[in-house]
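Protein chains get the first letters and strands the later ones, always in sequence-line order, with residue 1 at the start of each.
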Number of protein chains: 2
Amino acid sequence: MSTQSVVTAIRVLEAVSDNQPAGLSELSREVDVPKATVLRMLRTLGELGWVAQSEAQAGKWVLTNHAFAVASRGSSGSVIRDAAMGPLNALQLDTTETVHLAVPDRGYMLIIERLDTPHVLRAFLPLGSRLPMHASSTGMAYLSAADEAFVDDYLAGPLEALTPQTVVDPARLQAMIADTRARGYSINEQGLSTGITSIGVPLLGSGGVAAGSISISGPSSRIVPAKYQEYGEAAAGTALEISRALGAFSTKGY
Amino acid sequence: MSTQSVVTAIRVLEAVSDNQPAGLSELSREVDVPKATVLRMLRTLGELGWVAQSEAQAGKWVLTNHAFAVASRGSSGSVIRDAAMGPLNALQLDTTETVHLAVPDRGYMLIIERLDTPHVLRAFLPLGSRLPMHASSTGMAYLSAADEAFVDDYLAGPLEALTPQTVVDPARLQAMIADTRARGYSINEQGLSTGITSIGVPLLGSGGVAAGSISISGPSSRIVPAKYQEYGEAAAGTALEISRALGAFSTKGY
DNA sequence: AACCAACGGTTCATCTAGTGAACCAGCGAC
DNA sequence: GTCGCTGGTTCACTAGATGAACCGTTGGTT
């Protein structure tokens, strides 16, 4: 790989992101690069306005909002977001529950948009959250549309349990994926966060490959089994509309 | 500045962000670096998963979601966001209008959080949007709490008009900032986007320095002058609560 | 149909600029 | 008092970044 100082800098940046607020020695260990080099990177990134020393704790480094500003323009303006926002807005108004738009990122589902419920009791998932695929309805929905090799690969990796309800058994997860495929939507009952239930549906991009997913989520007291089908079908309809806009079923082109 | 290849790489990254989807020559001109170097940077950033060639247009580069995922953790987990979310949630429920949380970033206001209105007619501002300070209620609120030198400096720069209603005259803007200070909240009537009105209030961080702002916004048909005072005072109350949590009025420490 | 200018991408000799082992000073635990 | 950790500094060495000049294509003009 060329331009290794750039590689080091980005690895430092990601390490800061993962360990905020992070100390110098800690980062040095994390990216396995001498402290002097890490410090030089931090200072350079600092001059560029991407990281800064924490005000609260001197010597600890944090990402700045500027990094967020630059990177946000990645997902906004993206094809999938533009295609999704209209239908998603309608889905939110229809169901009155919180809806999310998620795309895959290195084995996690990355939440790139959210439209809130008006209910007083609401779950809160900041944008940019990364959810394990097996522990979220968006993730299971995505897996149900992803190719087999990817799924097997994912299920072979270590699967963390986030709550007592999180399913981590690969065989059971395979069965759940099959159910999702048959039913058209995934259901996650408190597997991500206690007291939260959500329903997910995959989105297909051009060529019909899995591109992301959408979900409806809320407190388990409101998202009860009696509503699963209604919400699942509503989300599936919305997803179909988005997938169509993404050219999933287009015959011209390929 | 040291580690210049890193500087170049980041500048390329920011240029991609600003010009998406961006071509090689375009980027080369933008950052004033030879094409060969820009290309090397793009490839390195590509291997790291931060940029990729656009699927739609070969040879055009775009930011990936991974960049978003890494950088998102900058604002989430930040002191201001944590302090703001609770009170902001209450404010949204109270007013039923969309509320925003914004922080300054290089002369713009950066939207880092949003809580949606349940109304069918709703404005939509993606997170990560950067708004000119003089054209937004969040920006004017921030300016009303910023120190004089900063304000003068900002008003001296070129001020773009986003709509026919955008005020760009420095003298008038100074007067509006004074009004905001006296009143406790800023009002922006269609200066950012036609048909949208919003009310902003500054947030103070530790030591009482301007740290960001919050706003209530919606269609001008709903956010009418008769409601300005009610919303302004509600937002001011919320802002006070947040500023207090940020240690703006703390006597210990300084 | 011949031209031109711009595009994305490649090459390679030059020498700048990034590296990292060894080094401080300061702090808290025991 | 001293050990082990922290954040931070120094500097000789050479690995690795640089950029002018190049190529093959494409799309618009005349």
(message) With a sphere of 6.0 Å drawn around CG of B/Asp32, does it hold more than 12 non-hydrogen atoms of other residues, nucleotides or ligands?
(response) no
(message) Rounded to the nearest 0.5 Å, what separates atom CD1 in B/Ile214 from atom NE2 in B/His100?
(response) 12.0 Å
(message) Please report the distance, rounded to the nearest Å, between CD in A/Gln4 and C1' in C/dG20.
(response) 11 Å
(request) Write down the distance between CG (B/Leu45) and P (D/dA17), rounded to a whole number of angstrom. (result) 13 Å
(request) Report the distance from atom NZ of A/Lys60 to atom C1' of D/dT6, rounded to the nearest whole Å. (result) 9 Å
(message) Tell me the interatomic distance from A/Met41, atom CE, to C/dT19, atom C1', rounded to whole angstroms.
(response) 9 Å
(request) Using atom types as modelled and distance alone, determine if a side-chain donor or acceptor of B/Ser213 lies under 3.5 Å from a backbone N or O of B/Leu203. (result) no
(message) Surrounding OH of A/Tyr108 (heavy atoms of other residues, nucleotides or ligands, distance under 6.0 Å), is the total greater than 12?
(response) no
(message) Under a 3.5 Å threshold, yes or no: a donor from one side chain and an acceptor from the other, between A/Trp61 and A/Glu26?
(response) no
(request) Ignoring backbone atoms, test whether A/Gln53 places a side-chain nitrogen or oxygen under 4.0 Å from the OP1 or OP2 oxygen of D/dG8. (result) yes
(request) Give, ordered by number, those residues of residues 23-39 of chain A having at least one heavy-atom distance below 4.0 Å to an atom of DNA chain C; if nothing qualifies, reply none. (result) A/Pro34, A/Ala36, A/Thr37
(message) Donor-acceptor check, side chain of A/Gln190 to backbone of A/Ile196, threshold 3.5 angstrom: yes or no?
(response) no
(request) Can you tell me the distance, in whole Å, between the CZ atom of A/Arg43 and the P atom of C/dG18? (result) 15 Å
(request) Using only side-chain N and O atoms of A/Arg40, determine if any of them is under 4.0 Å from OP1 or OP2 of C/dT19. (result) yes
(message) What is the separation between atom CG on A/Asn19 and atom P on D/dG7, rounded to the nearest whole Å?
(response) 12 Å
